[in-house]
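No experiment lies behind these values; they were computed from the predicted model shown.
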Amino acid sequence: AEMHMTRGLTKGLNSRIAALAGKCINARALSTGARFNDGVEKPAHPFKGVIFGLWGVVASPTWSQHEAWEAVKSIPIGTFQRFADKPAGAMRKMLDGVVGTTQGGALLHSELAAEGIDVQGLTPKDLTEQMRHVFGTGRINGDVRDAVQCLRFDGFQTGLLCREWHMGEASAQKQKRSSRSEMKKQFNAIVESKSEQLPLLNPALY
């Protein structure tokens, strides 16, 4: 199926979904064939499925829970959140699932040093573990969750695509399973590219 940016969904959707579609650069809309209602074929809608990225769309890191760690490590408070806004930075790559936390921790260590931040007391492994904590304490965007429910009500298939599911694991393994189970109620499918052993942008995932 041909993939389109979610902006293509704006026409014909209600205002809430339209507003969401304009922001979700990490989502894809999938075009499929005709649909049937009560056994009667209806004209095919140009889009029948939407795949969402996890971070920055469906969920966001809870940066306030990270500030105490920054203070202890003598990193200016807010540094991680600021680095998350750097389009090609290590933090952005981890959030987008382009790299994992192990590789991302090493990249982030170099970026912090390049910006003049004292990293003598930090190792790439320290940053990797803290990034997993950041991901593990993330929170679901309620507005997006409501919009996903509207999409499903309108007959769209919905999917969530991420590199690896970390949410909830900062508390306990049971909480990790619970958060994933809760999200599965919102989406038709959750796919982890690491489990599938495919790069995040590989069309086969879609």
Side-chain angles (χ1 to χ4, degrees), residues 1-38 42-66 80-81 84-85 87 91-92 94-98 133-172 174-193 195 200-201 205-206:
E2 184 180 359
M3 289 181 285
H4 303 270
M5 294 304 291
T6 308
R7 291 186 181 88
L9 286 171
T10 55
K11 185 176 181 180
L13 298 180
N14 64 37
S15 58
R16 175 179 293 184
I17 298 176
L20 171 68
K23 298 176 183 178
C24 290
I25 59 171
N26 259 356
R28 299 290 186 273
L30 306 182
S31 174
T32 61
R35 54 182 173 177
F36 292 81
N37 290 331
D38 299 324
K42 303 293 183 180
H45 193 287
F47 302 106
K48 283 298 294 174
V50 185
I51 299 176
F52 291 87
L54 178 58
W55 295 107
V57 181
V58 175
S60 300
T62 308
W63 296 113
S64 60
Q65 295 190 24
H66 176 70
F80 270 37
Q81 185 173 7
D85 293 330
M91 186 78 72
R92 188 71 260 162
M94 284 186 278
L95 289 168
D96 290 344
V98 177
H133 178 75
V134 168
F135 290 156
T137 56
R139 292 291 180 267
I140 300 299
N141 185 326
D143 289 338
V144 175
R145 180 180 55 201
D146 292 345
V148 170
Q149 291 176 346
C150 290
L151 285 169
R152 294 189 68 177
F153 182 79
D154 285 343
F156 289 86
Q157 298 288 310
T158 60
L160 180 65
L161 179 62
C162 61
R163 178 182 174 85
E164 187 175 8
W165 187 268
H166 287 291
M167 291 189 64
E169 68 181 16
S171 302
K174 182 179 180 181
Q175 179 63 29
K176 178 180 179 179
R177 291 195 299 270
S178 176
S179 65
R180 183 185 173 95
S181 176
E182 180 63 28
M183 288 306 296
K184 286 183 72 173
K185 297 177 183 178
Q186 313 298 330
F187 293 91
N188 295 102
I190 296 178
V191 177
E192 297 178 61
S193 63
S195 297
L200 193 69
L201 297 181
L205 286 172
Y206 296 88

Closest non-hydrogen atom pair, V58 against L160
CG2-CD1, 3.8 Å
Going by side chain to side chain contact (heavy atoms under 4.5 Å, CB included), name the residues that satisfy it together with S193, two or more places apart in sequence or in a different chain.
R163, L200, L205
In this structure, CD1 of I140 is separated from CG of L54 (nearest 0.5 Å) by 6.5 Å
In chain order, what residues pass the ring pair (Phe, Tyr, Trp, His ring centres under 6.0 Å) check against F80, with sequence neighbours excluded?
H66, W69
Looking only at heavy atoms, the pair that brings W55 and R92 closest together is O-NH2, 4.1 Å
Please examine the side chains of L95 and F135, heavy atoms only from C-beta on, and report whether any two atoms are closer than 4.5 Å.
yes
Of all heavy-atom pairs linking L151 and V50, the shortest is CD1-CG2, 4.2 Å
Hey, is the main chain of Q186 close enough, under 3.5 Å, to the side chain of R152 for a donor-acceptor pair?
yes
Beyond-backbone contact of F187 with Q157, side-chain heavy atoms, under 4.5 angstrom:
no
What is the minimum heavy-atom distance between G49 and F156, and which atoms define it?
N-CD2, 4.0 Å
Sub-4.5 Å side-chain heavy-atom contact between V148 and F52
yes
At their closest point, which heavy atom of D143 faces which heavy atom of N141, and how far apart are they?
N-OD1, 3.0 Å
Side-chain donor or acceptor of T62 paired with backbone N/O of T137 under 3.5 Å:
yes
